[in-house]
Amino acid sequence: MHIRGDHAELVVGGRLDVRSAADARTVLHSAVDDGVGDLVLDLTGLHSWDATGLGVIMGAHRRAGRCGRRLVLRGVPPQMQRLLVATRLHRILAIEGGLALESLPRV
């Protein structure tokens, strides 16, 4: 997993899983704490995430809310869109452009 960017936009690539969760959490929390306004997470290069990785995203979402910010997901890959729909987290998380729900299989 790799994350690059600043306190306004981060690009996440690779795998966000139990092995990379601690490092990702540190980077996301620093970005949330050091900025103002929306924090955009570009997930275009993210190949996969597991429950731990999803927990990191949700933790950053909650932390951003407590700081008066909003975490916005951009470029959510279709496989991860399905997971967000299945867990109903698409109703909680801000997703730039929304999800292509009509192209996702019903769960």
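None of these values were measured; they are calculated from a predicted model. Sequential numbering from 1 along the given sequence is applied to the chain's residues.
Rounding to the nearest 0.5 Å places CG of Leu10 at 9.0 Å from CG of Leu71. Once rounded to the nearest 0.5 Å, the distance linking CG of Leu73 with CD1 of Ile57 reads 6.0 Å. A distance of 8.5 Å separates OG1 of Thr52 from CZ of Arg25, quoted to the nearest 0.5 Å.
Across His61 and Ile92, no two heavy atoms sit closer than the pair NE2-CG2, 3.5 Å. The two residues Ser20 and Arg15 have their closest heavy-atom pair at OG-O, 3.1 Å. Residue Arg70 comes nearest to Ala94 through the heavy atom pair NH1-CB, 3.8 Å, listed as atom of the first residue, atom of the second, then distance. Heavy-atom minimum distance, Thr44 versus Pro77: O-CG, 4.5 Å.
Not one N or O on the side chain of Arg74 forms a donor-acceptor pair closer than 3.5 Å with the backbone of Leu41.
Applying the salt bridge (charged side-chain N to carboxylate O under 4.0 Å, His left out) definition to pairs two or more places apart or across chains, those involving residues 40-63 are Asp33-Arg63.
In this structure the side chain of Leu83 never reaches within 4.5 angstrom of the side chain of Leu89, judged on heavy atoms.
Linking Ile, Leu, Val, Met, Phe, Trp and Tyr residues whenever their side-chain heavy atoms come within less than 4.5 Å places Met58 and Val85 in a single cluster. No single ILVMFWY cluster, assembled from side-chain heavy atoms under 4.5 Å apart, contains both Val72 and Leu28.
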